[in-house]
Amino acid sequence: MIKNLRSIIAVAFMTVCASVSAQSTFDFKALYESKVNPKTGKYYLGDPKNPEKITVTSTVDDVTLSYIAGNCSSAPQYVKYDEASTKATGCVALYGGKAGEDIAAEGSQMKFVKANGNMKEIIFEANKVAGNGVFKASTGELKMDKKTRNYTWTGDASEVTFTICKNDLKKTSALNFNEVIVNTTITGITNITAEKAQNGVRYNLAGQRVSKDFKGVVIENGKKMIVK
């Protein structure tokens with residue numbers, strides 16, 4: 001049964017000209033929680049006084065993420081995790097342009113650069129308090145899932161920059177992300193069906209059965225999902 005599922009997935013991958021995905025995960029809680037200022041409960045990732053300067057970079061595998069403050073209403077920041085809080089915590093918060101300025105005013109940016117090869121897909125996992133704003137990519141296509149509020153970028157680039165803009169002239173905007181997953185192949189395979197697949201069983205992107213403890217992008221019941 002499992003062999004049949006693997007064969008189906010392998011054929012589907014060849015059909016869309018995809019290979020086994022190389023995945024790099026930026027888990028913001030793991031990266032920044034230890035760097036939080038205990039007095040403010042925040043770790044600032046950019047400096048509004050130097051809006052074009054890159055002040056913080058993080059590298060996972062061969063992918064480097066840089067933060068640029070831009071014309072933001074507040075500095076991009078990691079917010080300390082608080083399980084009891086009803087606000088956005090344990091996440092990176094990006095802010096749009098200042099209130100009262102042009103509604104299209106650009107704010108904070110996240111820049112991804114891959115040293116070897118190109119990125120094909122980037123998934124932004126939204127916090128439980130997702131925030132609001134207009135999220136734009138310098139290249140490729142960016143879409144938001146209205147149910148999860150996750151953003152998925154697809155393209156073919158070694159470098160791509162994402163910018164948050166306001167969606168209301170009178171208000172500031174912010175988007176909050178728990179983590180970002182960068183893939184070298186497109187993993188959007190939710191249309192693959194396998195009648196003989198076992199319900200409730202998870203598989204990685206190579207078609208291998210994995211346990212419930214496996215973290216990353218998995219396939220379960222023919223659908224793709226992110227497991228933290």
Side-chain angles (χ1 to χ4, degrees), residues 9 12-13 15-28 60 63-68 70 72 76 88 91-97 103-114 117-168 171-193 202-205 215-228:
I9 294 177
F13 266 72
T15 301
V16 297
C17 300
S19 58
V20 177
S21 175
Q23 183 173 290
S24 300
T25 301
F26 290 84
D27 181 335
F28 296 134
V60 175
V63 181
T64 298
L65 165 60
S66 303
Y67 299 91
I68 303 169
C72 59
C91 63
V92 163
L94 301 176
Y95 295 88
I103 193 171
E106 297 182 345
S108 303
Q109 296 180 325
M110 303 174 84
K111 181 179 180 180
F112 293 85
V113 178
K114 183 170 173 57
N118 286 355
M119 298 171 285
K120 300 295 180 68
E121 179 184 70
I122 302 177
I123 303 169
F124 296 80
E125 182 191 281
N127 185 262
K128 64 180 180 180
V129 181
N132 64 86
V134 179
F135 207 35
K136 297 180 178 180
S138 59
T139 186
E141 184 176 17
L142 184 63
K143 293 183 177 181
M144 183 189 75
D145 184 307
K146 293 183 179 179
K147 183 177 180 180
T148 64
R149 301 297 297 276
N150 293 345
Y151 283 87
T152 298
W153 172 86
T154 53
D156 188 1
S158 61
E159 179 179 316
V160 58
T161 299
F162 298 90
T163 305
I164 176 175
C165 303
K166 296 187 303 178
N167 56 6
D168 189 322
K171 300 179 181 179
T172 59
S173 294
L175 290 175
N176 307 309
F177 299 114
N178 294 332
E179 69 177 21
V180 177
I181 298 174
V182 179
N183 292 301
T184 57
T185 60
I186 296 175
T187 62
I189 52 179
T190 54
N191 292 328
I192 294 177
T193 59
R202 293 178 179 176
Y203 301 86
N204 63 19
L205 299 179
K215 308 298 183 183
V217 180
V218 299
I219 306 162
E220 182 175 347
N221 300 335
K223 296 182 178 180
K224 180 191 69 174
M225 62 182 182
I226 302 172
V227 179
K228 294 187 64 181

### Val182 backbone acceptor or donor facing Trp153 side chain under 3.5 Å
no

### Summary
Residue set satisfying side-chain contact (heavy atoms from CB on, under 4.5 Å) with Thr163, at least two apart, ordered chain then number -> Glu106, Gln109, Thr161, Cys165

### Task
Just jot down the side-chain contact (heavy atoms from CB on, under 4.5 Å) partners of Ala88, sequence neighbours excluded, or say none.
Cys91, Asn127, Val129, Asn176

#### Entry: ring pair (Phe, Tyr, Trp, His ring centres under 6.0 Å) against Phe177, all qualifying residues, sequence neighbours excluded
Phe124, Phe135

### side-chain contact (heavy atoms from CB on, under 4.5 Å) against Asn132, all qualifying residues, sequence neighbours excluded
Asn167, Ser173

### Query
Can you find a pair of side-chain heavy atoms, one from Phe162 and one from Tyr151, that are under 4.5 Å apart?
no

### Query
Looking at residues at least two apart in the chain, or sitting in another chain, which of them share a side chain to side chain donor-acceptor pair (under 3.5 Å) with Ser24?
Asp61

### Task
Determine whether Val180 and Leu65 make a side-chain contact, defined as any pair of heavy atoms from C-beta on separated by less than 4.5 Å.
no

### Task
Hey, could you give me the CE/CD1 distance between Met110 and Ile68, rounded to the nearest 0.5 Å?
11.0 Å

## Note on the structure
All heavy atoms of Ile164 vs all of Leu94, minimum pair found to be CD1-O, 3.4 Å

### Query
Taking atom CD1 of Ile123 and atom CD of Gln23, what is their separation to the nearest 0.5 Å?
7.5 Å

### Query
Listed by chain and number, what are the side-chain contact (heavy atoms from CB on, under 4.5 Å) partners of Asp27, not counting sequence neighbours?
Lys29, Ala30, Glu179

### Query
Which atom names give the shortest non-hydrogen contact between Leu175 and Gly133, and what distance separates them?
CD2-N, 4.0 Å

### Task
State, to 0.1 Å, how close Asn150 and Ala126 come at their nearest heavy-atom pair, and which atoms those are.
OD1-N, 2.8 Å

### Query
What pair of heavy atoms forms the shortest contact from Gly117 to Ser158, and how long is it?
O-CB, 3.7 Å

### Task
Can you sort out the partners of Asn118 under side chain to side chain donor-acceptor pair (under 3.5 Å), two or more places apart, ordered by chain and number?
Asp156

### Task
List in chain and number order the residues that pass side chain to side chain donor-acceptor pair (under 3.5 Å) with Thr152, two or more places apart in sequence or in another chain; answer none if no residue qualifies.
none

### Message
Taking side chain to side chain donor-acceptor pair (under 3.5 Å) as the definition, give me every residue that meets it alongside Tyr95, ordered by chain and number, with sequence neighbours left out.
### Response
none

### Task
Could you walk me through whether Val160 and Ile122 pass side-chain contact (heavy atoms from CB on, under 4.5 Å), step by step?
CA-CA 10 Å; Val160 58; Ile122 302 177; 3.7 Å; yes

### Query
Which residues pass the salt bridge (charged side-chain N to carboxylate O under 4.0 Å, His left out) test with Lys143, sequence neighbours left out?
Glu141

### Query
Of the non-hydrogen atoms in Met119 and Glu159, which two are nearest, and what is the gap between them?
CE-N, 3.8 Å

